[in-house]
Each structure stands twice: as structure tokens, then as C-alpha cells.
Amino acid sequence: MDLTQIEKKWQAKWEKDDIYAFDKNNMDKKYYVLEMFSYPSGAKLHAGHWFNFGPSDSFARFKRMQGYNVFEPMGFDAFGLPAENYAIKTGIHPQDSTLKNIDTMEKQLKAMGAMFNWDAEVVTCMPDYYKWTQWVFLQLYKKGLAYRKEAPVNWCPSCNTVLANEQVIDGVCERCQTTVIRKNLTQWFFKITDYAEELLQDLDKLDWPEKTKLMQKHWIGKSTGGEVEFQIVDGDSFRVFTTRADTLFGVSYVVLAPEHPLVDKITTSEQKSAVEEYRLATQKTSEIERQSTTREKSGVFTGAYAINPINGKKVPIWIADYVLFSYGTGAVMGVPSHDERDFDFANKYGLDITRVVKSKDGSCDDLPYCELGVMVNSGEFDGMTSEDGKLAILKKLEEMGKGGLKTNYRLRDWLISRQRYWGAPIPIIHCDTCGEVPVPEKDLPVELPYDVDFAPDGKSPLSKHEGFMNTVCPICGKPARRDPDTLDTFVCSSWYFLRYADNKNADEPFNTEKINKMLPVDKYIGGAEHACMHLLYARFITKALRDMGYLNFDEPFTSLVHQGLILGPDGYKMSKSRGNVVSPDEFVTKFGSDVFRMYLMFGFSYVEGGPWSDDGIKALAKYFERVERIIDNTCTKTNGKKDIGAKEKELNYVRHSTIKKVNQDMEVFSFNTAIARIMELTNAIIKYDGDSDAFLKEVVFDLIDLLAPFAPHFTEELNERMGGSYPILYHSYPVADEKWLTRDEVELAVQLNSKMRTRITVPSEMGREELEKYVLELPAVQEILANLTVRKVIIIPGRLVNIVAN
RNA sequence: GCGACCGUGGCGGAAUUGGCAGACGCGCCAGACUUAGGAUCUGGUAUCUUUGAUGUGGGAGUUCAAGUCUCUUCGGUCGCACCA
């Protein structure tokens with residue numbers, strides 16, 4: 001069979017007959033399968049794209065054959081840095097390269113033969129889409145969930161531009177090797193932290209991989225503790241966050257993050273130069289480095305002192321880079337006796353170390369002692385346990401107006417502005433009179449101009465485009481300037497799954513009633529690298545829109561599956577720079593898309609992925625030929641016998657156990673084992689040498705139906721030869737008949753002291769006692785047990801009998 | 001550094017969730033058919049000193065029973081907030 005030929009033939013027919021059409025009137029059985037849309041970076045799809053889309057499409061087909069009304073849309077996440085960098089390098093405009101890439105990728109995706117609903121397509125860089133991305137921004141802005149503040153960015157002093165983290169290699173700019181510093185710029189943020197608690201709580205509702213939920217949980221990073229206010233001698237006050245208020249009496253110094261605004265105010269003239277030098281050095285250090293616990297601690301004394309509110313003790317104020325301004329209050333208290341990090345720090349700089357907690361059983365007297373225990377040297381709190389002491393101290397501080405209980409999250413607000421060209425413009429106008437003014441919704445979209453100089457020179461590219469920048473204030477009508485920044489592409493991708501359901505709507509981003517029926521997504525499929533960012537942002541936007549009444553569900557993705565990564569043949573991630581990118585095209589041309597797709601599904605665990613190898617692909621081509629031979633042989637058989645004898649019974653057992661297993665495996669994306677089962681059924685059909693032709697025909701029909709989601713074109717062709725109804729996609733997926741799954745006899749393993757001794761075959765309905773007696777009386781067992789006393793017999797029905805004896 | 005995950009034949013990978021380790025396939029070996037074979041079919045294929053013993057990165061533990069649970073150790077992969 002010429003597979004590439006029949007693929008073209010069936011694709012044309014399927015398109016003509018519109019067999020994938022989603023039935024908007026049958027919402028009761030809707031099933032929304034969504035693969036994370038792709039970024040049109042390279043010109044072509046690589047094997048990894050196929051590994052994402054092929055198997056998940058097979059899953060969608062499986063659901064369709066189970067009778068669901070399947071919606072499987074596709075689109076492109078088209079804004080972003082790579083297109084812009086490519087443009088800077090080559091001069092090709094991001095819009096041109098992106099649209100061209102989308103065009104090629106669409107063609108390739110169509111050639112795959114997936115059941116995508118192309119009429120629902122979404123492309124994020126088109127004005128009819130980003131208009132609504134801007135709308136989302138405005139709604140959050142109105143709700144007080146979007147705001148501006150200063151924030152540090154990676155800055156290359158030589159290129160004069162903001163760098164993405166991935167453009168910073170070992171602390172230097174990837175383009176010019178200049179040391180990258182951290183610089184404060186005014187940036188837009190979304191207040192995702194307002195939803196921290198709900199984002200955390202609702203994880204329990206989700207059918208997601210446990211590890212992903214755990215990662216989000218950690219990312220949100222809830223910790224309950226308290227805040228303590230320290231008064232600076234002759235100055236302001238500041239608060240520290242701590243989870244160990246019970247150690248408050250042991251504070252021997254406090255530390256501010258080097259970026260803390262108070263540092264300038266409090267630093268004494270003698271310490272000025274040392275502090276300045278330290279702050280400059282900190283600018284060059286990344287947060288990941290700063291948090292490293294193995295790195296030697298460093299810090300500088302500011303010359304100022306603060307008062308510990310609990311005991312009035314005067315302690316020095318230091319700055320140190322292990323304190324992050326972005327977490328907690330940007331200040332911590334140093335308790336060397338009960339914290340490893342503080343202990344090292346105090347030893348290095350000769351600070352006091354006072355023990356204030358003892359182990360409960362007096363067993364451990366070493367410092368630092370980081371466990372909970374019993375409080376000592378803590379005045380009125382002596383003798384309290386750490387657990388009680390924490391609360392008691394915080395309660396007292398609260399009475400004094402110097403602190404209290406506080407829950408802290410590691411989650412930070414989402415920085416959404418980018419000083420880049422290739423993104424959705426931020427729909428805000430800055431007016432000298434009226435200040436920050438949102439663009440009226442009727443004026444959306446704020447269109448991204450084409451003729452922009454996006455060479456990096458220290459400013460947002462849009463700020464240099466006078467035609468774009470100059471506008472009038474919607475409130476007072478005076479000349480005003482547009483915001484020159486664009487939105488993070490994660491904003492575009494945090495609501496696209498809503499637009500799919502209503503992508504042609506010109507009046508609103510989506511119709512509430514429509515999406516309430518279509519959403520949430522029933523099965524979301526994509527890479528695990530999105531565990532924290534995209535998946536968290538999409539959850540946040542969904543909840544924010546819900547609170548504004550635009551939709552009525554709490555979570556966007558009910559069930560989530562991560563596919564693994566297909567690595568290059570060398571075992572490394574595929575990348576152009578390594579030159580290990582595997583293109584599917586030559587394999588698709590040679591073997592056909594069905595063979596290629598099924599090879600990906602059979603040769604790798606879907607969740608694990610692994611290094612590419614084309615060793616097994618021929619095997620799948622051969623397998624297709626074997627199946628084709630079976631069909632052709634079966635077609636020539638004509639007798640109508642359906643008698644079920646021993647041979648038929650055996651084949652029927654394999655048939656129904658295969659069906660059962662395949663159905664189970666498909667649900668959990670265990671495609672490789674599903675295919676292995678189908679191969680076993682194939683082998684059993686080949687071995688069958690009975691003469692009940694009509695029965696055999698039934699089994700063969702089941703075989704091609706089972707295969708249909710994996711090899712849609714091939715099975716459609718075979719189905720036609722067999723005279724089955726068209727299209728095979730509308731057949732119902734085989735369902736196991738339990739009555740054929742019980743066998744008359746079962747084989748059991750017989751073990752002595754857990755070691756395999758022999759195997760026996762017994763009637764499957766044999767009871768425990770009868771079985772025990774039977775086994776013990778077997779001559780082979782008698783022989784083994786010659787000089788032994790039986791202590792116990794363990795029977796696992798259908799599996800084994802273990803005789804414990806000595 | 002922090003967090004998550006993984007480690008099973010020559011290879012890709014299974015193992016009903018604590019119950020016969022190595023399903024299915026590749027590769028390899030032998031045979032059949034053949035002028036021919038990179039086609040097809042049949043059989044074999046964890047290791048060893050093979051009446052038996054050993055074996056799931058290494059070491060310990062729990063259990064009648066451990067690839068699976070616990071501890072420890074080594075190695076690898078992914079994420080860490082401006083790549084998407």
C-alpha cells in the first residue's frame with residue numbers, strides 16, 4: 001500500500017465531508033482537548049512537535065470514537081523575543097518571518113492528518129486577537145490588578161538594553177560579553193499575589209500530575225509566621241518577616257537587602273563607601289546565585305542600629321545579598337544560634353551568638369540548633385515550647401503595635417511589561433494633566449505599527465515611533481503619549497483557550513454563555529516546563545475574569561498531561577545551535593505520517609520522552625504490512641461460521657483483554673503499552689487456525705477499530721476494503737465484554753519461602769482451602785518439603801501460592 | 001544552591017501498584033522458503049562456573065514477598081520568575 005498516496009486521498013475526502021466538525025448543539029457530550037499551541041520560531045516542525053501533537057490527536061480520536069463531541073483547536077503563540085532577535089540579526093521583520101513560519105507550520109500540521117478544528121484557529125499577533133489581550137489588561141487594570149512600580153531588570157550597559165534571563169550567560173551579555181547589571185526600571189505588574197491563597201487551595205481540585213501541583217505549591221510558597229517591627233535608632237522603622245518568632249530574644253543583628261530604600265538613609269558616612277561598593281557588586285549577582293546556600297555569606301555593616309522590640313536590645317543593621325528585596329519585607333533578623341546561615345554570618349563577622357532555644361529532651365547542645373524546642377534566655381517566655389512561644393511573642397508584639405501574625409508567599413507579582421517591539425502594546429496613555437489613562441475600549445486595538453526601528457539602544461522600540469507615541473488624552477483632549485512597552489507573551493497565552501471557543505466574535509473577547517458551556521478544557525497537554533509560569537498565569541487570569549463576571553468556572557484546565565521531551569540522537573535537547581534537530585519530513589515522506597506518528601507513540605513513553613533514534617521505525621512499517629496481509633487474507637474468507645470452540649475462545653480472550661487494556665491505557669496516555677497490546681492481538685489473529693470465518697472477521701474489525709486513532713489514514717483504507725462503514729472515526733471504539741475475560745483455568749506460581757519452585761494450572765474457581773490442600777499434596781511440592789515444617793501458606797488469587805516453611 | 005523527576009538486558013521500553021522481573025518491539029543467533037534477500041515464515045535470545053545460583057546504579061532496612069516502601073550514597077534530566 002502506498003501510504004503517502006492514501007493519506008492525500010483520505011485527507012481530501014475528510015475535508016470535503018467535514019468529518020471533524022464540532023457540533024455546537026451537543027454540549028452534553030463536549031470534550032475539549034487542547035494541546036499547548038506552538039511558537040512559530042523555526043521555520044519547520046521538528047520531531048518534538050509531532051510528539052506533542054500526534055499522540056494527543058490520537059487521544060482526541062479515541063474520545064471521538066467513544067462518542068464524545070470533540071473540540072480540538074490549534075493556533076500560534078506568535079509574539080515573542082526570538083522573532084525580534086532574528087530580525088535584529090537578519091533585518092527580516094518579525095511580522096514577515098512569523099507569518100511565513102505560521103504558513104509553513106500550518107501546512108505541516110495539516111499533513112499530519114490531525115483532527116484539528118482549523119476554523120477555530122487563533123494567532124496571537126493578529127490585531128483581532130491582541131485587541132482582546134489588551135482588553136484583558138484593561139479589565140485587570142480597572143479591577144486594580146494592574147499597577148506600575150520600580151523593579152530590577154537585567155541591563156547590558158554596552159548594548160544599552162534590557163536582557164532576558166536567557167540572554168545572560170554566566171553573568172555576561174550573550175551578544176557582547178559585557179557584565180550584566182541589575183537596574184531598576186518602572187514596570188507594569190499584575191497582582192497575581194491577590195490570588196495566591198486560592199491558587200494554592202484549588203490545586204486540590206485538579207486532575208494534574210502530582211509533581212506539577214507540588215511545583216506550583218512550592219512556587220506559591222506559603223509560609224506562616226509573623227512580622228516584627230524594628231525601630232532604627234534616631235530614624236524610621238522597618239519590619240522583618242520570620243517563621244521563628246520564638247527566637248526573637250536571640251537576635252544579634254538585622255539585615256536589609258542591599259536594594260532596600262532605607263539603606264541610603266541610614267548608612268553612616270564612615271560606612272558609605274563600603275556599602276556603595278557592596279551594592280554595586282550585588283547588582284552583578286543573579287538571584288539564583290544569591291540564594292545558594294553553599295556560597296560564602298557576605299555583607300557590610302551600615303553603621304546604623306535598630307532596637308529589638310521584645311527586649312529593647314540595640315543591634316547592628318547590616319546589608320547582605322542573601323536577603324532578597326523581592327521576598328517578604330526585604331529584611332530579616334539574624335539569629336546565629338538557631339539558623340545555619342546566620343550562624344556562618346555571625347562567625348565570619350564576629351557577631352554575638354546567644355542561645356534562646358534548647359532541645360526538648362536536652363539531648364542536643366550544639367549550635368546552631370535549628371529545630372523547635374523549649375525557650376530559654378527569653379524573659380517571661382522561658383520554658384515555653386517553640387510552637388507556643390511563637391504565638392505568644394507575636395501576640396505580645398501585636399499588643400505593642402510592633403508586629404503580629406503574618407502569612408507570606410514566595411509568589412511575586414507578575415512583571416508583564418517588556419521593553420520590546422514584538423508584542424501587544426500596553427493600552428495606556430500618559431497625560432501630563434490626567435496622568436495614567438486607560439485607552440477606551442472602543443479605541444482598541446492599539447495597533448502595533450509596522451515601521452519601527454527595533455535595534456536595541458536603551459529605549460523601548462515603540463518610544464522612537466512618533467506616529468505611534470503621539471496621541472490625545474481621552475479625558476482632557478490634550479496631547480499625550482502612549483505607553484511604549486509591550487505585554488509579556490505569557491499574557492497572550494494566558495487566555496487563548498477562551499478565544500478558541502468563540503474566535504470570530506468581533507464584539508467581545510468571547511461570549512460568556514458560550515465559553516461557560518465549552519470550558520473548562522477537559523484535557524490539556526503540553527510540556528512540563530510550563531508547570532509554574534504559563535499554567536499558573538492562565539489559572540490566575542481565569543479566576544480574575546471569573547470575579548469580574550465574564551465566566552463562571554474556577555479553573556481553566558480540569559485535567560493535565562505533560563508529554564516528555566524528544567531529545568536529539570546525542571541525548572541533548574534539540575537545538576539549532578547543536579545541530580541535532582530531527583526533522584519529521586523525510587520519515588513522513590518515506591513511511592507516511594501514520595507510521596511516523598505510531599512509531600513515536602510506540603517507541604517512547606509519552607510522559608518520559610527520550611533521545612531520538614530511528615531504529616524502530618522500519619518495524620512499524622513492517623507491522624502495517626502484516627496488518628494489511630491479515631485484512632487481505634480475511635477478505636478472501638467466506639464461510640459464515642461463528643461457532644465458538646476452544647480456539648475461538650482463546651482468541652476471544654486475547655481480543656477482549658486487549659480491548660480492555662487498550663481502553664485503560666488510552667485514558668492515561670500510556671500509548672506504548674496500548675500499541676503493544678494491539679500487537680499481541682495481531683499475533684494471536686495470525687496464529688488463529690480455526691475455520692470460523694465470520695467470527696474471525698469480527699475480530700479483525702475490532703483490530704482495525706482499535707488501531708484507528710493511531711493510524712487514521714491506514715485504517716480508513718483497510719476499513720473500506722473490509723466493507724466497513726465510512727468514516728472509521730464514527731465507529732464506536734471497541735468495548736470489552738467481561739464474559740470472555742474469565743478463563744476456565746489459571747496458571748499459578750508456586751513458591752517456597754518466596755523462591756519460585758514450580759508452576760501449576762488449576763481450575764480458576766478453586767477456593768483457597770481447596771487450593772492450599774491441592775498444592776501441598778502435589779508430588780513435586782512433597783519432595784521439596786521433605787524435611788521441612790510448613791509454617792504458613794500465602795495465597796494471592798490468580799497469581800501465586802507461597803509456602804513458608806523451615 | 002533550592003525544587004521536581006529519573007536510574008531495569010546490547011537498545012527503546014513493560015511489570016495489574018508490594019506478588020512469576022524483562023510484556024511488546026528493535027538488534028542479534030539458528031533454521032525454512034529462495035537464483036537472490038535489506039522480503040516472508042518458524043524457533044531462540046538477562047547473566048554465570050547451568051541438577052543450580054545470581055540479577056532492576058551502590059549500600060543498608062521493613063516484609064512471607066521489594067524494580068515498587070524507608071534510610072543512605074552515586075549518577076543523570078528538567079524548572080528557578082524577561083525563552084515560550
Side-chain angles (χ1 to χ4, degrees), chain A residues 36-39 41 77 79-82 85 151 153-154 162-168 187 209-212 214-215 217-219 221 286-295 326 410-420 488-490 492-493 526-534 536-537 564-565 567 571-573 599 602-605 607-611 613 615-620 622-623 625-626 629 661 664 670 672-680 682-683 686 747-759 791-796 798-805:
Chain A
M36 289 181 185
F37 60 174
S38 47
Y39 181 75
S41 62
D77 191 9
F79 273 135
L81 189 60
N85 285 341
V153 294
N154 298 316
V162 180
L163 297 179
N165 282 346
E166 77 157 8
Q167 296 175 297
V168 183
Q187 302 276 10
E210 282 307 316
K211 60 171 185 173
T212 307
L214 217 70
M215 277 169 84
K217 202 172 164 184
H218 189 260
W219 187 268
S286 76
E287 289 203 354
I288 292 174
E289 283 175 75
R290 285 172 64 171
Q291 289 173 85
S292 164
T293 47
T294 51
R295 194 163 149 264
S326 54
R410 182 173 287 110
L411 183 69
R412 316 207 288 244
D413 276 338
W414 174 13
L415 199 171
I416 51 158
S417 50
R418 298 289 183 269
Q419 291 70 53
R420 307 271 174 199
D488 177 8
T489 52
F490 276 123
C492 306
S493 59
E529 66 274 18
H530 294 287
C532 290
M533 304 177 69
H534 163 61
L536 198 62
Y537 296 152
L565 207 58
L567 307 171
Y572 293 100
K573 211 168 170 173
Y599 170 62
F602 178 61
F604 304 84
S605 148
V607 175
E608 301 285 326
S613 137
D615 279 350
I617 193 161
K618 266 191 291 185
L620 262 293
K622 274 193 211 169
Y623 174 73
E625 284 166 20
R626 292 176 76 194
R629 276 197 297 276
K661 194 74 174 61
Q664 286 169 353
S670 183
N672 52 349
T673 54
I675 294 170
R677 296 303 157 208
I678 297 175
M679 285 175 169
E680 283 179 284
T682 313
N683 293 340
I686 291 171
E747 193 186 53
L748 298 180
V750 177
Q751 298 180 332
L752 172 68
N753 295 329
S754 308
K755 291 219 166 113
M756 264 295 297
R757 287 298 158 181
T758 181
R759 278 171 236 269
R791 302 285 171 205
K792 201 167 160 191
V793 178
I794 292 156
I795 293 173
I796 309 295
R799 308 286 297 172
L800 58 76
V801 177
N802 185 16
I803 303 161
V804 183

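Basis for what follows: all heavy atoms, side chains included, without hydrogens, waters or symmetry-related copies.
- Atom name C1', nucleotides G12(B) and A65(B): the rounded distance is 30 Å, in whole Å.
- Taking a pair to require two hydrogen-bonding distances under 3.5 Å in either a Watson-Crick or a G-U wobble arrangement, G7(B) pairs with C74(B).
- Atom name C1', nucleotides U54(B) and U8(B): the rounded distance is 15 Å, in whole Å.
- At the heavy-atom level, S417(A) lies under 4.0 Å from base atoms of the strands shown.
- Across every strand in view, U45(B) sits in a pair with G27(B) that passes the Watson-Crick or G-U test at under 3.5 angstrom.
- Rounded to an integer number of Å, the gap from CE of M533(A) to P of G79(B) is 12 Å.
- Salt-bridge formation is not detected for the pair E625(A)/K622(A): no Lys NZ or Arg NE/NH1/NH2 atom is positioned less than 4.0 Å from an Asp or Glu carboxylate oxygen.
- Between H534(A) and F490(A), the ring-plane angle classifies as parallel under the 30° and 60° cut-offs.
- Across all strands, L411(A) comes closer than 4.0 Å to base atoms (heavy-atom distances).
- Classification of U17(B) as syn follows from a glycosidic angle within 90° of 0.
- Base pairing of C80(B): its partner is G1(B), meeting the Watson-Crick or G-U wobble criterion (both donor-acceptor distances under 3.5 Å).
- When heavy atoms are screened at a 4.0 angstrom cut-off, H530(A) is found touching base atoms of the nucleic acid.
- G19(B) and U68(B) have their P atoms separated by 11 Å, given to the nearest Å.
- No side-chain donor from either of Y39(A) and T489(A) sits under 3.5 Å from a side-chain acceptor of the other.
- When heavy atoms are screened at a 4.0 angstrom cut-off, M679(A) is found touching the sugar-phosphate backbone but no base atom.
- One atom, CE of M215(A), and another, P of C78(B), lie 13 Å apart when rounded to the nearest Å.
- Comparing G9(B) with G3(B), their P atoms are spaced 30 Å from each other, to the whole Å.
- Judged by Watson-Crick or G-U wobble contacts below 3.5 Å, the nucleotide C64(B) has G19(B) as its partner.
- Between A528(A) and L415(A), the one whose closest nucleotide on RNA chain B sits nearer the 5' end is A528(A).
- As rounded to whole Å, 8 Å separates atom P of G25(B) from atom CD of E680(A).
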Can you check nucleotides 64-66 of chain B for protein contacts, nitrogen or oxygen pairs under 3.5 Å, and list what you find?
from, atom 1, to, atom 2, distance (Å)
C64(B), O2', S754(A), OG, 2.9
C64(B), O2, N802(A), ND2, 2.7
A65(B), O4', S754(A), OG, 2.9

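- Contacts of I796(A) with the nucleic acid, taken as non-hydrogen atoms under 4.0 Å apart, include base atoms.
- Residue E210(A) is classed as having no contact, given no heavy-atom separation below 4.0 Å to the nucleic acid.
- The backbone N or O of S754(A) sits less than 3.5 Å from a side-chain atom of N802(A), completing a donor-acceptor pair.
- Nucleotide U56(B) has no partner under the Watson-Crick or G-U criteria, as no pair reaches both atom distances under 3.5 Å.
- Here F490(A) lies in heavy-atom contact (under 4.0 Å) with a base.
- W219(A) comes within contact range of at least one nucleobase, with a heavy-atom separation under 4.0 Å.
- Distance, L214(A) CG to C80(B) P: 17 Å, rounded to whole Å.
- Contact annotation for Q419(A): base contact, defined as any heavy-atom pair under 4.0 Å involving a base atom.
- L411(A) places a side-chain heavy atom less than 4.5 Å from the side chain of W219(A).
- Atom CG in D413(A) sits roughly 16 Å away from atom P in A81(B) (whole-Å rounding).
- For C26(B) and U40(B), the P atoms lie 10 Å apart once the distance is rounded to whole Å.
- Taking atom C1' on both nucleotides, A66(B) is separated from C71(B) by 15 Å, rounded to a whole Å.
- For the OP1/OP2 pair of C82(B) and a distance below 4.0 Å, the side-chain nitrogens and oxygens of R418(A) include at least one atom meeting the criterion.
- When the C1' atom is compared between U72(B) and C64(B), the two are found 26 Å apart, to the nearest whole Å.
- Residues R629(A) and K755(A) both approach RNA chain B. Their nearest nucleotides, taken by heavy-atom distance, put R629(A) toward the 5′ side.
- For the P atoms, the distance from U56(B) to C11(B) is 16 Å, rounded to whole Å.
- Aromatic ring pairs are classed by plane angle as parallel below 30°, tilted from 30° to 60° and perpendicular above 60°; the pair W414(A) and Y537(A) is parallel.
- In this structure, H218(A) and M215(A) have side chains that are not in contact, with every pair of non-hydrogen atoms separated by 4.5 Å or more.
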Polar-atom pairs under 3.5 Å, protein N or O versus N or O of nucleotides 7-14 of chain B: list them with distances, or write none.
from, atom 1, to, atom 2, distance (Å)
G12(B), O2', G603(A), O, 2.1
G13(B), OP1, G609(A), O, 3.0
G13(B), O3', N672(A), ND2, 3.0
A14(B), OP1, N672(A), ND2, 3.2

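- Between the side chain of N753(A) and the main chain of A805(A), a donor-acceptor pair closer than 3.5 Å is present.
- Side-chain nitrogen and oxygen atoms of K622(A) include at least one within less than 4.0 Å of the OP1 or OP2 phosphate oxygen of A39(B).
- Rounded to whole Å, the distance from NE2 on H218(A) to P on C78(B) is 20 Å.
- In this entry the distance linking CZ of R626(A) with C1' of A39(B) reads 14 Å, nearest Å.
- At whole-Å resolution of the value, NZ in K618(A) and P in G27(B) are 7 Å apart.
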